[in-house]
Protein chains: 2
Amino acid sequence: MPYPSKLTPDAIEAAAWYLFNTGGPDALSMRPLADALGVRPGSLYRYFDSRDTLLAALTERAARDLQREIQFAAENHLPRNALQAVAGAYLHYARTQPHAYALLLVPADEGSSPGLKTSAGKELWNTLLRLVGDLSGNPDDTDHAVALWTFLHGAASLERAGVYGPSGPRSGLELGLAAILDHAQEAGSARNAPS
Amino acid sequence: MPYPSKLTPDAIEAAAWYLFNTGGPDALSMRPLADALGVRPGSLYRYFDSRDTLLAALTERAARDLQREIQFAAENHLPRNALQAVAGAYLHYARTQPHAYALLLVPADEGSSPGLKTSAGKELWNTLLRLVGDLSGNPDDTDHAVALWTFLHGAASLERAGVYGPSGPRSGLELGLAAILDHAQEAGSARNAPS
DNA sequence: GTCTATACCTTGATAGAC
DNA sequence: GTCTATCAAGGTATAGAC
């Protein structure tokens with residue numbers, strides 16, 4: 001029975017995901033990955049054209065993961081609280097899976113596509129857009145969604161860069177988040193009761 | 001006259017700066033750098049311990065550059081307009097020198113220190129803090145400064161990731177910026193006229 | 001003191017044998 | 001489908017020529 005081959009795309013991806021999340025991009029190299037799978041480096045190329053292709057798969061996976069966390073966090077909350085919870089979940093994911101998160105927003109010039117232009121990435125955006133719409137009353141409120149996402153990513157990114165220091169800028173973040181949510185909410189009120 | 005050596009730290013740094021800003025991190029490799037200087041790779045190590053040391057020098061340089069741009073943009077403006085101009089200058093720098101900008105906020109685990117913890121980086125922060133203080137009336141308003149910087153970096157970062165698309169989310173960014181500046185300004189008013 | 005020559009090791013990737 | 005070579009390019013270290 002020669003059928004069950006040692007390798008499958010899923011097995012490779014799983015091992016790669018582990019290596020990547022454990023040690024970051026540098027830890028994901030073809031040789032150690034092959035070692036982990038009990039195989040020779042060259043064999044991997046039968047399933048993934050290149051390391052970049054493999055990274056693209058991991059990117060998609062990261063987007064799906066984060067989208068699920070966001071969705072879950074928002075459930076059973078009123079709009080304002082939902083977004084507050086989403087912000088927490090977003091930052092929590094960026095904190096606990098920093099490498100995977102970084103994959104989502106790789107600069108455009110560094111090969112692989114931006115990560116959030118994947119199908120999973122678009123779903124993530126739509127989820128955010130819907131939640132913001134619930135707050136502001138505008139179902140297609142891209143402006144506030146963009147502002148919110150911009151702020152969340154900035155927070156995740158600066159935190160990861162170690163800029164905030166140990167004491168943490170919690171108050172600064174909460175303040176900024178509140179400023180944006182307030183703005184969206186006021187826009188909603190103005191809609192319902194135009195002067 | 002054997003004295004004038006072919007290499008000087010400044011010459012190396014300048015060539016490295018050019019390579020780096022032109023082609024990104026990958027373009028800064030020791031061999032091409034040596035070629036550009038008409039020298040053998042090994043020679044570079046008399047002046048810089050490693051590629052990382054060289055990168056650290058470039059990081060310092062980037063922080064200095066950005067700080068100067070910010071300072072210049074803020075001159076001769078009233079607080080609110082100054083910060084608006086600063087935001088523009090910040091994003092402009094991130095747009096036109098993307099690689100140098102990225103150097104400032106390298107994730108903490110990727111070797112070299114966060115870039116903004118250099119002396120030039122601290123100056124940058126102090127500049128921002130002062131300008132925010134002028135608006136809110138609180139000379140040490142770290143909260144609003146953090147919120148503003150978080151938002152600016154998020155914008156620079158998402159833009160670079162190509163997330164906003166060609167049409168640009170100008171309105172979303174202006175809206176978020178306005179929300180934060182308004183919040184700071186209102187805090188200032190409340191200070192002067194406490195209820 | 002300054003630079004060259006050279007070598008070592010690790011990457012990603014490919015071609016062809018089995 | 002997997003292995004065995006093998007390649008080019010990268011960062012780095014050292015020994016020795018000038």
Side-chain angles (χ1 to χ4, degrees), chain A residues 1-59 99 102-103 106-107 109-113 115, chain B residues 1-59 99 102-103 106-107 109-113 115:
Chain A
M1 45 192 174
Y3 291 135
S5 63
K6 291 163 85 172
L7 292 176
T8 66
D10 280 1
I12 296 176
E13 194 182 314
W17 180 253
Y18 177 77
L19 281 183
F20 183 83
N21 281 315
T22 301
D26 291 350
L28 178 58
S29 46
M30 303 306 264
R31 264 165 255 255
L33 177 57
D35 286 352
L37 291 160
V39 136
R40 291 302 184 173
S43 310
L44 301 172
Y45 289 86
R46 294 280 150 188
Y47 300 88
F48 291 92
D49 283 352
S50 70
R51 181 176 178 274
D52 279 356
T53 310
L54 190 47
L55 268 181
L58 299 189
T59 301
H99 302 302
L103 224 40
V106 169
D109 64 280
E110 285 178 21
S112 58
S113 66
Chain B
M1 44 193 177
Y3 292 135
S5 62
K6 289 164 86 173
L7 293 176
T8 66
D10 280 0
I12 296 176
E13 194 183 314
W17 180 253
Y18 176 77
L19 281 182
F20 183 82
N21 280 315
T22 300
D26 291 351
L28 178 59
S29 46
M30 302 306 263
R31 270 168 248 251
L33 178 57
D35 286 351
L37 291 160
V39 138
R40 290 302 185 175
S43 310
L44 302 172
Y45 289 86
R46 296 278 153 191
Y47 300 87
F48 291 91
D49 283 352
S50 69
R51 182 177 177 274
D52 279 356
T53 310
L54 189 47
L55 267 182
L58 297 189
T59 301
H99 303 301
L103 224 39
V106 170
D109 63 279
E110 286 179 22
S112 58
S113 66

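Scope of the values below: all heavy atoms of this structure, side chains included, with no hydrogens, waters or symmetry mates. Every chain is numbered from 1, with letters handed out A, B, ... down the list of sequences.
Of all heavy-atom pairs spanning B:T53 and B:D49, the tightest one is OG1-CB, 3.7 Å. Heavy-atom minimum distance, A:L19 versus A:P32: CD1-C, 4.3 Å. For B:S43 against B:L7, the heavy-atom pair with the smallest separation is CB-CD1, 3.9 Å.
Taking 4.0 angstrom as the limit, A:S43 places a side-chain polar atom (N or O) nearer than this to OP1 or OP2 of D:dC3. When the side-chain nitrogen and oxygen atoms of A:Y45 are compared with OP1 and OP2 of D:dG1, none of them lie within a distance under 4.0 Å. Using a 4.0 Å cut-off, no side-chain N or O of B:R51 falls inside it from OP1 or OP2 of D:dT12. Distances shown here put every side-chain N or O of A:R46 at or beyond 4.0 Å from the OP1 or OP2 atom of D:dG1. Not one side-chain nitrogen or oxygen of A:R40 sits closer than 4.0 Å to the OP1 or OP2 atom of D:dT2. For A:Y47, a side-chain nitrogen or oxygen approaches OP1 or OP2 of D:dT2 to under 4.0 Å.
A straight line from CG of B:L44 to C1' of C:dT4 spans 12 Å, rounded to a whole angstrom. D:dG11 atom C1' lies 13 Å from atom CG of B:D26, rounded to whole Å. Atom CE in A:M30 sits about 19 Å away from atom P in D:dG10, given to the nearest Å. Between A:L55 atom CG and C:dG12 atom C1' the separation is 12 Å, expressed in whole Å. Per the geometry, CG belonging to B:L33 stands 12 Å off P belonging to D:dT12, to the nearest Å. The distance from atom CG of A:L54 to atom P of C:dA13 is 10 Å, rounded to the nearest whole Å. Rounded to whole Å, atom C1' of D:dG10 lies 13 Å from atom CG of B:D35.
B:S50 places a side-chain N or O within 3.5 Å of a backbone atom of B:D52 that can act as its donor or acceptor partner.
Using a 4.0 Å heavy-atom criterion, one finds that A:L28 contacts the sugar-phosphate atoms exclusively. Within the nucleic acid shown, B:F48 has no heavy atom closer than 4.0 Å to any nucleic acid atom. Here B:L37 lies out of heavy-atom contact (under 4.0 Å) with every strand.
Comparing A:P32 and B:G42 against DNA chain C, the residue whose closest nucleotide sits nearer the 5' end is B:G42.
With rounding to the nearest 0.5 Å, the separation of NE2 in B:H99 from CG in B:D26 is 9.5 Å.
Here the side chain of B:L7 is nearest to one of D:dT12, C:dC3, C:dA13, namely C:dC3. With D:dG10, D:dT2, C:dT11 as the candidates, the nucleotide lying closest to the side chain of B:S29 is D:dG10.
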